[in-house]
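To find a chain, count down the sequence lines: A is the first, B the second, and so on, and within it residues start at 1. Worth saying up front: this structure is predicted, and the values here are computed from it rather than measured.
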There are 2 protein chains.
Amino acid sequence: MSTIYIPKHIRPMHESLTNSDCALFHDMTNVERDSLEGIADQTKCNAGDYLFRQNAPSDNVYNVITGTVAIERVSNNGRRQVLGFLFPGDYLGVTNAPHYDCAVRSLTKTEVYKFNRKRLYSLADELPHLKTNIAEVSSRIFCRILDQLYILGQKKAHERLCFLFIQLLERLPGARPDRIELYMTRQDMADYLGLTIETVSRSLAKLKADGLIAFTQLNVLQIVDLPKVSEMADI
Amino acid sequence: MSTIYIPKHIRPMHESLTNSDCALFHDMTNVERDSLEGIADQTKCNAGDYLFRQNAPSDNVYNVITGTVAIERVSNNGRRQVLGFLFPGDYLGVTNAPHYDCAVRSLTKTEVYKFNRKRLYSLADELPHLKTNIAEVSSRIFCRILDQLYILGQKKAHERLCFLFIQLLERLPGARPDRIELYMTRQDMADYLGLTIETVSRSLAKLKADGLIAFTQLNVLQIVDLPKVSEMADI
DNA sequence: CGCTACATTGACAGCGTTCAAGGTAAGTGG
DNA sequence: CCACTTACCTTGAACGCTGTCAATGTAGCG
């Protein structure tokens, strides 16, 4: 039973998160969950705000409650690479380095839980399940990066877009083949997939013309031919 | 003082490894080092052999003693992506997933230390430094993957090659600007950099013609203009 | 209405892939 | 020692995808 104060309009963390990456609470007892909730602060930010910047001290681990964020990395010469999009349930800032090696920008209004990393990691020393779960979260993040690496190394523009769509379908809460809301701009997609915005636009047009996808609105996608889209995305 | 048996032609692990990634022993006492060495088996394999295959159970963590290996991933449609090259001191098989999501092939005769992962991780529960060091190793692996991701997303062919050269210069033991031995084939480079073998060949010719690099032998590279090569590789 | 930000489309050039031919080096067997 | 094989690498030519530059279209907002 929880003893800490929770504003009544907020559901306990382990009930409000639906994504499969919501793993910190996995296998934990209620008492353990309460201690984990005890070190979490809830914060909000608006579309366009940065949760943290590249090279800032990596003080916190975050867990997305609502909204979508983009992880991005900018190099000396100004080129930007988006390393991933994160959704409710996803974790960010899970690193052992003293500074973040990337920035996190919110694409929508976003609510997150913020864990002080030192406190989280020392709590993990007491709660074996938590330690396992942190490792599990890291492992999943790593697997996704490997997928993206493969896509960037081996796939053509329209295949990369299909990969993104399948990822959204699998990970974005509420996404269905007939309705996937794209919270990111074309530029964000381009920077994620290693393309230009024009190529993204043209590839979308091609996929549309071929009857694989459709747009009900500018940013609402429909996957018309899921088997073919899956096949093109296949890693 | 070491009490376990070490064949006399083999130097203790923590003395034989020079790479900066040799981090498992960092900050450990001699007693701690001995217990870590106690769970290590030494094995060898020939060029072309696989240390482990994609989807095999992830039973072991390896540490390269001598030689060079390539981490690779093959997809359903047969396209191959090389995820990295590893050198003496580097670790591989560091994952929390029950199966390896990639294969590891040796490019040369290779000696490795093999740690049973369960034993390594339970030993880490007793030795705080070891746990920290494992996390540190994971973190470095992750950072390198992010670098590669950026390269694949944003760089042109000749820039990607410069990136590889700088990586080799920094990480391959014995590499100097005027002599870098390339243990991998052109095809391996291509699969690492997301290019075709022909593009690799042509880009090498271009870099040579521009006076940035030279070849003393087919597989022995010389970086002639290090500042320019570094600049092109810049992440 | 006009402003702004974002997205699409067109024309064209260039980079990288593809297909094909030729070259190089090491190893094998007569 | 030399022809032959094999694996790897280089080079050429043509094609096509993607990037670049520029213009146009669209949606939201004051």
[X] [atom1] - [N] [atom2] separation (whole Å):
| X | N | atom1 | atom2 | answer |
| --- | --- | --- | --- | --- |
| Gln154(B) | dT20(D) | CD | P | 10 Å |
| Leu182(B) | dC8(D) | CG | P | 15 Å |
| Asn219(B) | dA25(C) | CG | C1' | 11 Å |
| Arg186(A) | dT18(D) | CZ | P | 17 Å |
| Met189(B) | dG16(C) | CE | P | 17 Å |
| Leu161(A) | dC17(D) | CG | P | 15 Å |
| Arg79(A) | dT18(D) | CZ | C1' | 15 Å |
| Leu218(A) | dG25(D) | CG | P | 16 Å |

Quiz prompt | pair Asn55(B)-Tyr100(B): side-chain heavy atoms closer than 4.5 Å | solution =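 No, side chains not in contact.
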Self-check item: Result of checking Tyr113(A), Tyr91(A), Phe52(A) against Tyr62(A) for ring-ring contact (aromatic ring centres under 6.0 Å, His included)
Solution: Phe52(A)
Quiz item: Roughly how far apart are Ile145(A) CD1 and Leu83(B) CG, rounded to 0.5 Å?
Solution: 12.0 Å
Quiz prompt | Minimum heavy-atom distance Val69(B)-Leu51(B), with the two atoms named | solution = CG1-CD1, 4.5 Å
Donor-acceptor pairs under 3.5 Å, side chain of residues 226-235 of chain B to any protein atom, not counting sequence neighbours: which ones?
{"from": "Ser230(B)", "atom 1": "OG", "to": "Leu226(B)", "atom 2": "O", "distance (Å)": "3.0"}
{"from": "Asp234(B)", "atom 1": "OD1", "to": "Asn76(A)", "atom 2": "ND2", "distance (Å)": "3.2"}
{"from": "Asp234(B)", "atom 1": "OD2", "to": "Asn76(A)", "atom 2": "ND2", "distance (Å)": "2.4"}

Quiz prompt | Contacting residues from residues 190-209 of chain B, given that a heavy atom lies under 4.0 angstrom of DNA chain C | solution =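 Heavy-atom contacts with DNA chain C come from Gly194(B), Leu195(B), Thr196(B), Glu198(B), Thr199(B), Arg202(B).
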Quiz item: Do the rings of Phe142(A) and Phe142(B) sit parallel, tilted or perpendicular, given the 30° and 60° boundaries?
Solution: tilted
